[in-house]
Amino acid sequence: MSDAPAPAPKDFIRELIAADVAAQRNDGWVITRFPPEPNGYLHIGHAKSICLNFGIALENAPKSRCHLRFDDTNPVKEDVEYVNSIQEDVRWLGFDWSQHLYFASDYFEKLYGFALQLIEKGLAYVDDQTLEQVRANRGSLMHPGTPSPFRERPVAENVDLFSRMRAGEFKAGEKILRAKIDMSSPNMNLRDPVIYRILHAHHHRTGDAWCIYPMYDYAHPLSDALEGITHSLCTLEFEHHRPLYEWLINSVDGLPSHPYQREFARLNLTYTVMSKRKLLGLVKAGLVSGWDDPRMPTISGIRRRGYTPHAVRHFCETIGLTKFASLTELALLEHCVREDLNKHSQRVYGVLRPIKVVLTNYPEGQVEQIELVNNPENPTGGTRPVPLSRELYIDADDFMETPVADFHRLVPGGEVRLKYAFCITCDAVIKDAEGRITELRCTYDDATRRGVKPVGRPKVKGTIHWVSAAHAVDVEVRLYDKLFVEAQPEEAAGEEGDFTQFLNPASLEILNAKLEPSVLAASPGAHYQFERVGYFFTDPKDSQPGRPVFNRTVALKDSFAKAK
RNA sequence: UGCCUUAUGGUGUAACGGUAGCACAGCAGAUUCUGAAUCUGCUUGUCUAGGUUCAAAUCCUAGUGAGGCAACCA
């Protein structure tokens with residue numbers, strides 16, 4: 001009894017929800033929602049929210065669910081391309097909204113009715129002021145606002161004007177509908193917030209049916225209520241919108257549920273930027289190849305980079321949930337992928353920067369098959385035959401003509417083990433006229449096969465990977481690195497500065513690598529570990545049958561490189 | 001010169017008035033046919049000042065730092 005395992009610590013939101021369930025609030029139901037605006041691609045920060053909302057629903061089954069609702073109230077910024085990508089990304093992360101796919105635009109008629117109701121109650125009015133006047137009369141952070149001259153407009157006139165707004169009698173900006181709350185509130189959101197504006201814009205779902213569109217602050221709480229949402233979870237910047245959220249929920253009659261909003265800190269990650277606007281900027285400026293460029297922190301980008309849904313979900317669990325505006329190290333995300341990929345990825349030999357090695361005492365024309373372990377982490381993973389012959393390639397990193405201290409790979413006169421084959425000794429370094437190494441002449445030791453370490457001989461410390469020159473296949477390999485050179489590019493650029501100046505010029509290096517022939521069978525979207533090098537993913541877009549293209553997901557940890 | 005939120009090792013978090021713990025990162029060592037993985041150990045922390053209490057990371061007050069707020073964006 002006493003050594004029962006401690007329950008996993010809950011974050012403040014899960015605690016709150018657990019208390020609601022215990023108190024039988026909403027009959028014990030927990031209904032959450034993920035409410036993206038379809039104005040861009042989802043990024044890793046959204047993954048945090050997706051894992052939270054869908055995760056909470058899963059944890060509270062069976063009296064629970066999570067909706068996917070598109071907050072599509074601003075037609076000028078939104079597009080079906082985004083609604084499609086968002087659904088794909090949420091599914092890829094492993095979550096299912098089943099039949100609960102909604103659009104705020106589906107509620108336009110009901111939202112209009114609620115607005116009429118507010119007008120009837122004297123809680124909303126049509127304002128004729130210009131945008132500039134509204135802004136000026138809102139006051140400032142230090143000073144209260146002043147009421148609009150139209151604030152006391154009679155109900156009947158408001159009803160008439162609002163229906164004529166809907167009918168298209170006015171141009172954009174001529175009139176707005178405002179909630180009548182408190183022009184002197186210290187909370188700017190309560191100073192008679194705009195709840196409807198005129199937009200003669202084509203909507204990606206409702207077409208030209210509407211020329212007035214509700215604002216987020218108005219549509220969101222009421223959409224939540226219409227769907228029976230119990231817990232509306234959003235990021236910290238909406239914290240001071242909460243009184244408005246509650247004002248609406250309490251002011252509108254006939255709502256099927258009374259949800260409440262709670263806020264948590266959004267994810268910030270080092271060496272990247274996380275705003276849709278800035279990511280869109282990178283795409284538009286051609287600084288990346290698109291939203292799914294493997295260097296982007298978008299879900300589609302990291303998917304193409306080779307991250308797994310499991311790794312992303314585990315990352316989202318690991319970072320926790322608080323109200324503190326924190327900055328998470330990229331290293332933690334990388335740790336999460338390595339952890340997953342180490343367990344599950346097929347090992348393969350790949351030489352990124354080849355140096356030719358000739359085994360002078362190996363018979364010409366002879367080819368033998370060496371059995372390589374597919375995945376040492378998986379005892380039932382089996383082996384595969386890989387050809388070995390007289391001429392090989394090894395990685396340039398694995399040879400040093402004048403070695404630094406503690407280098408225990410191949411050096412002139414030194415010995416190294418070719419993994420799963422035998423040890424070789426470097427007898428000569430051949431160079432071209434410019435002094436570049438073209439070839440290493442080595443001899444192999446037949447007595448060291450299969451890992452045998454002959455007694456009485458100095459221990460061979462280094463073990464390196466290799467491929468047979470005649471059998472290796474040339475494959476395009478893309479080495480991706482962090483997008484920015486600064487941990488906090490926006491911070492480094494300052495208010496006025498341009499964060500793109502900190503883009504990492506070495507964030508992509510394209511190599512023609514020599515890989516073991518088995519990779520030709522790789523299908524697009526497959527994860528590999530190039531032994532001793534890193535984790536690689538066959539690019540789902542650019543790979544062709546028999547001609548894979550590899551994206552480096554993340555390098556293996558390299559404690560030797562660090563020591564240098 | 002306002003209002004709201006927030007502050008625990010380098011980073012992210014836990015501790016719900018009673019032994020400051022975990023993960024990442026870092027550093028050592030063991031192990032290793034991947035300088036990976038694995039295992040062991042170590043370094044490093046309660047923003048400051050008061051107060052309440054037998055006892056404060058935790059409650060209160062003030063200060064300081066950080067984030068947010070004046071789109072007809074979300």
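Fair warning: this is a prediction, and the values are worked out from it, not measured in the lab. To find a chain, count down the sequence lines: A is the first, B the second, and so on, and within it residues start at 1.
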How many Å lie between [atom1] on [X] and [atom2] on [N], as a whole number?
X	N	atom1	atom2	result
A:Phe12	B:rA15	CZ	C1'	17 Å
A:Leu52	B:rU13	CG	P	13 Å
A:Arg191	B:rC4	CZ	C1'	14 Å
A:Glu334	B:rU11	CD	P	18 Å
A:Lys323	B:rG12	NZ	C1'	19 Å
A:Asn268	B:rU13	CG	P	10 Å
A:Arg552	B:rA36	CZ	P	17 Å

Contacts of type salt bridge (charged side-chain N to carboxylate O under 4.0 Å, His left out), residue [X], not counting sequence neighbours:
X	result
A:Glu531	A:Lys419
A:Lys482	none
A:Glu237	A:Arg266
A:Arg138	none

Check: A:Arg166 main-chain N/O paired with A:Tyr112 side-chain donor or acceptor under 3.5 Å: no
Can you check B:rA14 for me, syn or anti if syn means within 90° of 0? anti
One pair to check against salt bridge (charged side-chain N to carboxylate O under 4.0 Å, His left out): A:Asp127 and A:Arg153. What are the steps and the verdict? CA-CA 9 Å; A:Asp127 196 342; A:Arg153 188 117 78 175; 5.9 Å; no
Scan nucleotides 23-35 of chain B nucleotide by nucleotide, 5' to 3', and note B when protein non-hydrogen atoms come under 4.0 Å of the base, S if they reach only the sugar-phosphate, - if neither. -SSS------BBB
Using a 4.0 Å cut-off on protein heavy atoms (strictly under), produce a 5'-to-3' string for nucleotides 65-74 of chain B with B for base contact, S for backbone-only sugar-phosphate contact, and - for none. ---SBBSBBB
Take atom [atom1] in [N] and the same atom in [M], then report the distance between them in whole Å.
N	M	atom1	result
B:rU5	B:rG9	C1'	24 Å
B:rC47	B:rU58	P	8 Å
B:rU64	B:rG26	C1'	30 Å
B:rU11	B:rG18	C1'	29 Å
B:rA25	B:rC39	P	13 Å
B:rC4	B:rU52	P	27 Å
B:rU53	B:rG17	C1'	9 Å
B:rG67	B:rA56	C1'	26 Å

Answer yes or no: is there an ion pair linking A:Glu368 with A:Arg449, defined by an N-O contact shorter than 4.0 Å? yes
Tell me every residue that passes ring pair (Phe, Tyr, Trp, His ring centres under 6.0 Å) with A:Phe499, counting only those two or more places apart in sequence or in another chain. A:Phe484
What pairs with A:Tyr444 under ring pair (Phe, Tyr, Trp, His ring centres under 6.0 Å), at least two apart in sequence or on another chain? A:Tyr362, A:Phe422
Counterpart residues, side-chain hydrogen bond (donor to acceptor under 3.5 Å, both in side chains), relative to A:His241 (two or more places apart): A:Asp217
Qualifying residues under side-chain hydrogen bond (donor to acceptor under 3.5 Å, both in side chains), relative to A:Lys343, sequence neighbours excluded: none
Sequence neighbours excluded - salt bridge (charged side-chain N to carboxylate O under 4.0 Å, His left out) pairs with any residue from residues 142-151 of chain A: A:Arg151-A:Asp192
Output field dot_bracket for RNA chain B (Watson-Crick or G-U, both distances under 3.5 Å, | for other-strand pairs) contains .((((((..((((....[..)))).(((((.......)))))....(((((..]....))))))))))).....
So does A:Thr270 get a side-chain nitrogen or oxygen closer than 4.0 Å to the phosphate oxygens (OP1/OP2) of B:rU11? no
Do other residues, nucleotides or ligands put more than 12 heavy atoms under 6.0 Å from the CG atom of A:Asp446? yes
Just call it for A:Thr322: base, sugar-phosphate, or nothing, with non-hydrogen atoms closer than 4.0 Å on any strand. sugar-phosphate
